[in-house]
Amino acid sequence: MTVREFLLHLLLLCQIVSTSYRGDKVYRLSLSTEVDVKDILSFITETRDYLDYWQTELHVGGHVDVRLSRQQDELLSSHHLRNISHTVQIEDVQKLLNKVSHYGRGRTKRSTSDDEADYSYTRFNNPAATHREMYRLAAQYPNLTRLVGVGSTHQGRPLLVMEIGLKKERNCPMVWVDGGLHAREWITVAATMLFIKKLLEGYGTDPYITDMLDSTKFAIQPLANPDGYAYSWNSERLWRKNRSPTSVAWCKGVDLNRNFDINFGGQGASDFSCSEIYNGPNAFSEHESKGIARYLSSVRHKLLGYFSLHSYGQMWLTPLSYTRKKVTDRTEHLDVAHIATRKIKEATGQKYSYGPATALMYVTSGDSSDWVYSELNCSHTYGIELGDMGRYGFLLPPSHIRPTSNVILSGVLAAVEVIAAGPDNLTTPRRQRKYKRRKWRN
């Protein structure tokens, strides 16, 4: 172990002892010039393994949101940042968390276990309640749904996917939507659950939804990281990774969106097990990422589109994330993104920017969308960064659940409509390339 690693371990161990965020601030560093971008990139490279970056838009006109404790505030005067202007987005993270938790995690019974009161679509719910609601919906709509288990987590929680569509139409095109890959992004779980409910209630009553489900199946995983989500619920609200053990006893978890087998271990990921962006010991080392990949591989011949929901920043991200090289179907991606974000604006009033992930945010490796695009030959793979724009960040109040679900409903359905209307979406030469069959191990 190097001296640097030892000091990082010591720092992180001190943070683990107390999970209070009292006095922590979220700063927004504004990038006005190319020099600013270069300086902040150098700073991130040096500090990525021990600072908590909330949002990163590495381009002129962009910004970086980072949470700093009182002891870390002095970093703002480092040589990399001294010429970069900054503002305070959140004055005290713990105070905001207390305020949001007061009306965000349910006013009924609360406990530190998974046993919770019935599911509510007007507040955030724990993993057990979320899974129970999925079972309840599957029982309520037996002719329209199929609940599929794609594995279980390290701690034994089920990994559930809800298939929605007419059961007799087994070979119709399929669309994937997932939420909760990063534990602290609670809005993605709650809004995706409400999205499921709206699809089910809309079939037979809403002509648009009915026509969509008559021709397309949806496979939706609202809670892709139940262990991490449970930990963020019970112990550490801003937890990001899953809860798998690592080589360092007090540093648990792998960033699931760095664990896919596409440029694994490259830029934007870390091999340091205590890092927020730790990619794991090897690609698909995690039950969660392996479950997603195994399921999608089984339906690759009919996979029409892939949508992975994250927060925050209100962006519609197109391929690719691990390279700035332009993909051949970039024009089609931008057309879909333009129509989807326009529909979101019309339906909700919220403005979403769109473009390649590397242009709007940063380069990263091991990303789920990139793997589906490159390995399963699915052209239309998108990452959607939901709201807000930084006022609350990951700590959105429950009043945002319904409008965010409307974003998903309007944007994803508009995108699917455009993709499905395209010429030979499932039979193009790109889709017919030889697929390298993988032998999945449990």
Side-chain angles (χ1 to χ4, degrees), residues 104 106 108 116-149 158 160-170 172-180 186-224 304-309 340 343-350 384 386-387 396-420:
T108 54
E116 189 87 14
D118 289 340
Y119 193 92
S120 170
Y121 286 95
T122 60
R123 63 176 171 85
F124 299 109
N125 298 267
N126 72 9
T130 301
H131 285 156
R132 283 197 300 271
E133 180 65 2
M134 293 180 72
Y135 282 112
R136 188 192 71 79
L137 290 173
Q140 184 178 352
Y141 298 93
N143 295 323
L144 198 59
T145 65
R146 177 171 172 253
L147 205 55
V148 180
L160 300 178
V161 175
M162 174 81 78
E163 292 182 354
I164 302 177
L166 293 180
K167 287 189 175 182
K168 63 181 181 181
E169 299 292 341
R170 294 186 181 276
C172 70
M174 180 171 282
V175 171
W176 172 276
V177 180
D178 67 55
W186 285 14
I187 192 63
T188 66
V189 180
T192 304
M193 285 295 295
L194 188 51
F195 171 60
I196 290 175
K197 186 171 185 283
K198 287 179 177 180
L199 287 180
L200 296 176
E201 291 179 345
Y203 186 78
T205 60
D206 184 311
Y208 183 56
I209 291 177
T210 301
D211 289 345
M212 182 73 69
L213 294 181
D214 279 342
S215 59
T216 308
K217 271 192 177 181
F218 283 77
I220 306 175
Q221 187 180 33
L223 186 50
L304 189 66
Y306 175 95
F307 302 86
S308 188
L309 306 177
K343 190 67 175 180
I344 290 172
K345 183 70 164 60
E346 293 172 356
T348 70
Q350 297 183 39
I384 306 175
L386 301 172
L396 288 173
S399 58
H400 286 244
I401 295 174
R402 185 167 296 279
T404 303
S405 74
N406 290 334
V407 166
I408 302 171
L409 186 72
S410 57
V412 169
L413 295 193
V416 171
E417 187 176 26
V418 174
I419 296 168

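Numbering starts at 1 and runs along the sequence shown.
- Heavy-atom minimum distance, Ser120 versus Asn125: O-ND2, 2.7 Å.
- Across every non-hydrogen atom of Pro222 and Ile220, the tightest pair is CD-O, 3.4 Å.
- Scanning both residues, Ile344 and Gly411, for their nearest heavy atoms gives CG1-CA, 3.7 Å.
- With hydrogens and angles ignored, the 3.5 Å screen pairs a side-chain donor or acceptor of Ser410 with a backbone N or O of Val407.
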Take Leu213 and Leu166, measure what side chain to side chain contact (heavy atoms under 4.5 Å, CB included) needs, and give me the verdict at the end. CA-CA 7 Å; Leu213 294 181; Leu166 293 180; over 6 Å; no
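- More than 12 heavy atoms of other residues, nucleotides or ligands lie within 6.0 Å of NZ in Lys198, so this atom counts as buried by the packing criterion.
- With a 4.5 Å cut-off on side-chain heavy atoms, Ile401 and Thr122 do not count as touching.
- In this structure, the side chains of Leu144 and Leu199 stay at 4.5 Å or more apart for every pair of heavy atoms.
- Residues that satisfy the side chain to side chain donor-acceptor pair (under 3.5 Å) test with Arg136, not counting sequence neighbours, are Glu133, Gln140.
- Aromatic ring orientation, Phe195 versus Phe218: perpendicular (interplanar angle above 60°, classes split at 30° and 60°).
- Shortest non-hydrogen contact noted between Lys217 and Gly165 is CG-CA, 4.0 Å.
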Go through the steps to decide whether Ile209 and Leu413 satisfy the test side chain to side chain contact (heavy atoms under 4.5 Å, CB included), and finish with yes or no. CA-CA 8 Å; Ile209 291 177; Leu413 295 193; 4.2 Å; yes
For Leu137 and Thr145, what are the C-alpha separation, side-chain angles and deciding distance, and is it a side chain to side chain contact (heavy atoms under 4.5 Å, CB included)? CA-CA 8 Å; Leu137 290 173; Thr145 65; 5.9 Å; no
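- Remark: Lys197 pairs with Glu201 by the salt bridge (charged side-chain N to carboxylate O under 4.0 Å, His left out) rule, at least two apart or across chains.
- Other residues, nucleotides and ligands contribute over 12 non-hydrogen atoms within 6.0 Å of the OH atom of Tyr208.
- The main-chain N or O of Gly202 is found under 3.5 Å from a side-chain atom of Thr205 such that the two form a donor-acceptor pair.
- Across all non-hydrogen atoms, the minimal contact from Pro173 to Ser215 is CD-O, 3.5 Å.
- Applying the salt bridge (charged side-chain N to carboxylate O under 4.0 Å, His left out) criterion to Glu417, with sequence neighbours excluded, gives no partner residue.
- With Tyr203 as reference, Asp214 is the one residue of Asp211, Asp214, Thr210 to meet the side-chain hydrogen bond (donor to acceptor under 3.5 Å, both in side chains) rule.
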